Structures are given as C-alpha cells and as structure tokens.
Amino acid sequence: MGRFVARRLLQMIPVFLGTVTLIFFMVHVLPGDPVAAMWGDKAPDPAQVAAFKHEMGLDKPLVQQYFDYLGNLLTGDFGTAMDHRKVIDKITAAFPVTMRLALLAFAIEMVLGVAIGLFAGLRRGKAFDKSTLMLTLLLISVPVPVLGFVFQNVFATQLKWVTPTVQDSMNMGQLVLPAVVLGSLSLAYVARLTRTSIVENIKSDYMRTAIAKGLPRRRVIGTHLLRNSLIPVVTFLGTDLGALMGGAIVTEGIFNVKGVGFELYHAINLKEGATVSGFVVVLVLVYLAASLIVDLLYAVLDPRIRYA
C-alpha cells in the first residue's frame with residue numbers, strides 16, 4: 001500500500017504542473033486589458049497604466065511571467081490581485097465558506113442518495129423504485145439556476161422557513177438550502193448509481209451464498225450487498241467533491257454566499273489572472289486529493305482489490 005501511495009503522489013506532480021500551466025496561459029490570453037478596465041469608462045493615463053503594469057510584473061514577457069508565477073507558487077505565494085490584496089488572503093477567507101457549503105451538500109447527497117438508491121434497488125419494479133427513477137430524472141433535467149430560484153421562492157419567499165439570501169456565511173443553518181440546491185444534481189446521480197449497482201449485485205453468486213448460509217438479512221445487505229455496490233458510487237463521490245466546490249459559483253451567486261464561487265465570478269469579470277489562477281490551483285489540489293482517497297477506499301470496500 002505504501003508503494004502505491006508513493007507512486008500515486010509522484011503521478012500527481014505532472015498532472016498538477018500541466019493543469020497549472022494550462023490555466024495560467026488560458027487566463028492570460030483572454031481578450032481585454034484588465035489594467036485599463038480598472039479605470040472604467042474613463043480613459044486611463046498611459047503613464048499610470050505602464051507604472052501599474054511594471055509594479056505588478058505584467059510588462060514582462062508571458063513566458064517569464066509564467067516561470068515567475070510557478071516559482072512563487074512553489075513557495076506558497078499565489079500572487080497579488082489588482083487591488084493589491086494577496087491572493088492567498090482571498091483564498092483563506094473564501095475557501096472555508098465554500099468548503100462548508102460543499103461538505104454539507106456532499107453529506108446530503110451521500111446519505112440521502114445512498115439510502116434512496118438502496119431502498120429503490122431492494123424494491124425494484126415497485127412504486128418506490130418507479131417514483132425514485134422519475135424524481136431523480138426530474139432533478140437531472142432541471143438546471144441548477146432554475147432549481148435555486150424555485151427553492152428560494154418556495155421555501156424563503158412563500159413559506160418563510162429561511163432567509164432568501166445568506167446573511168451570515170459562517171452560519172451552517174443558513175447554508176442548508178444552498179447546499180440542497182448545490183447537491184441536488186449529484187444526489188440524483190448517486191441514487192441512480194446506487195440503485196443500479198444494488199440491482200446488479202443482488203443476483204451475484206456471493207449473495208446467494210450468503211443467504212444460503214443463513215446470515216441475518218441486515219448483515220447480508222450491509223456487509224455483502226451494500227459494501228460491494230458502493231464501489232462505483234465512491235468513484236463518483238470522490239470526483240464530485242471538487243466539482244461541488246467549482247460548481248458553487250452559480251449557487252453562491254443565487255444565495256449571496258461569499259465563497260470561492262463568489263470570488264471567482266468577480267475575478268473572471270475583472271480578468272484578474274492571478275486571482276483566477278490561485279483559486280483554480282486550490283480546486284485542482286482538492287481534485288487530486290479526492291482522487292487519491294477514492295483509490296485507497298477501493299481496497300477498504302472490496303477485499304478482492306490488492307495494490308502492489
């Protein structure tokens with residue numbers, strides 16, 4: 001197992017460098033001048049623009065900017081935004097908010113999705129199974145912005161169970177509705193994946209053997225059926241945590257959550273390359289860490305899997 005972890009960590013290095021390189025050049029070739037945009041509709045003084053670019057290092061060749069950025073990144077320096085704030089300070093302020101929102105959405109989709117999928121798979125062809133397939137298909141079909149505005153109107157405006165927008169991003173109670181909206185699409189996929197996996201594995205030879213041994217139903221379902229059926233679900237959940245953080249940009253905009261999505265939205269509008277690159281780098285690290293954890297969980301869920 002130790003050799004496998006070491007090999008996976010080494011494999012992450014070129015993936016990380018390749019992603020950082022791609023994001024850096026994609027951000028810096030966007031049309032428009034972010035420095036001139038700081039003056040709005042007023043015509044900027046060329047001398048002030050030149051001085052600001054020199055101060056920020058934007059007058060250097062793009063390749064030199066890249067190597068400077070990469071060198072600073074390896075030392076933990078994510079650069080400086082156009083407002084002279086350190087990007088790491090923005091990440092430190094926004095990342096915990098989005099992490100709480102994403103983890104809450106992740107918990108909702110994992111617990112409810114697996115439970116719904118399990119019961120639907122065990123009752124294949126019955127009313128609960130058919131209702132699950134219809135409702136999950138509906139969730140998949142409805143875009144997140146539409147679902148967000150519907151939930152906001154129903155639960156906040158009409159029923160007044162929650163506030164229409166999040167007043168305190170540190171309050172977990174106010175993040176419940178945004179988390180439900182954020183995790184709704186993934187919940188539908190988790191439920192359908194679990195249901196399909198349960199239906200396939202319930203007919204397996206090891207299930208017939210476990211039943212023939214006279215094992216209790218709870219042990220047959222929990223230890224044998226569910227454990228082996230969760231492998232494709234874990235694969236999806238592992239990659240989905242990073243997707244939830246990246247996809248929070250829409251949900252955070254609807255519910256006014258001051259997180260990563262909120263900061264990314266404004267940074268993209270202002271074409272702040274350092275800010276966009278810094279936040280994306282953190283999201284890439286989350287993806288890589290989640291991918292490693294998923295690979296390690298395979299051996300826990302299925303004893304047949306062994307790593308050299």
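Nothing here was measured: the structure is a model prediction, and the numbers come from that model.
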Test side chain to side chain donor-acceptor pair (under 3.5 Å) applied to Gln64 - qualifying residues, sequence neighbours left out: none
Nearest-0.5 Å distance, OG1 of residue Thr157 to CZ of residue Phe151: 13.5 Å
Leu187 and Val190, any side-chain heavy atoms less than 4.5 Å apart: no
Interatomic spacing from CG in Leu104 to CD in Glu109 - rounded to 0.5 Å: 11.0 Å
Set of residues satisfying salt bridge (charged side-chain N to carboxylate O under 4.0 Å, His left out) with respect to Lys258, sequence neighbours excluded: none
CD1-CZ distance between Ile23 and Phe279, expressed to the nearest 0.5 angstrom: 14.0 Å
Approximate separation, where rounding is to 0.5 Å, of Thr98 OG1 and Leu103 CG: 10.5 Å
Residues which pass side chain to side chain donor-acceptor pair (under 3.5 Å) with Asn201, listed by chain and number, not counting sequence neighbours: Ser197, Tyr206, Ser229
Beyond-backbone contact of Arg85 with Thr80, side-chain heavy atoms, under 4.5 angstrom: no
Partner set under side chain to side chain donor-acceptor pair (under 3.5 Å) for Lys86, not counting sequence neighbours: none
Derivation of the side-chain contact (heavy atoms from CB on, under 4.5 Å) call for Val284 and Val20: CA-CA 8 Å; Val284 169; Val20 170; 5.8 Å; no
Considering only distance and modelled atom types, tabulate donor-acceptor pairs under 3.5 Å from the side chains of residues 127-137, sequence neighbours left out.
residue, atom, partner, partner atom, Å
Asp129, OD1, Arg195, NE, 2.9
Asp129, OD2, Gly125, N, 2.9
Asp129, OD2, Arg195, NH2, 2.9
Ser131, OG, Ala127, O, 2.9
Thr132, OG1, Phe128, O, 2.8
Thr136, OG1, Thr132, O, 2.7
Thr136, OG1, Leu133, O, 3.1
Thr136, OG1, Arg192, NH1, 3.0

Interatomic distance, Leu139 atom CG to Ser184 atom OG [nearest 0.5 angstrom]: 5.5 Å
Val180 side chain near Ile108 side chain, heavy-atom distance below 4.5 Å: yes
Beyond-backbone contact of Leu230 with Val233, side-chain heavy atoms, under 4.5 angstrom: yes
From Leu22 atom CG to Ser277 atom OG, the distance as rounded to the nearest 0.5 Å: 10.5 Å
Side chain to side chain, Leu244 and Ser186, heavy atoms closer than 4.5 Å: yes
Tyr66 atom OH, neighbour heavy-atom count above 12 within 6.0 Å: yes
Check: Phe16 and Leu73 side chains under 4.5 Å, non-hydrogen atoms: yes
Expected output: side-chain Asp240 to main-chain Phe236 donor-acceptor under 3.5 Å: no
Residues forming a side chain to side chain donor-acceptor pair (under 3.5 Å) with Thr194, sequence neighbours excluded: none
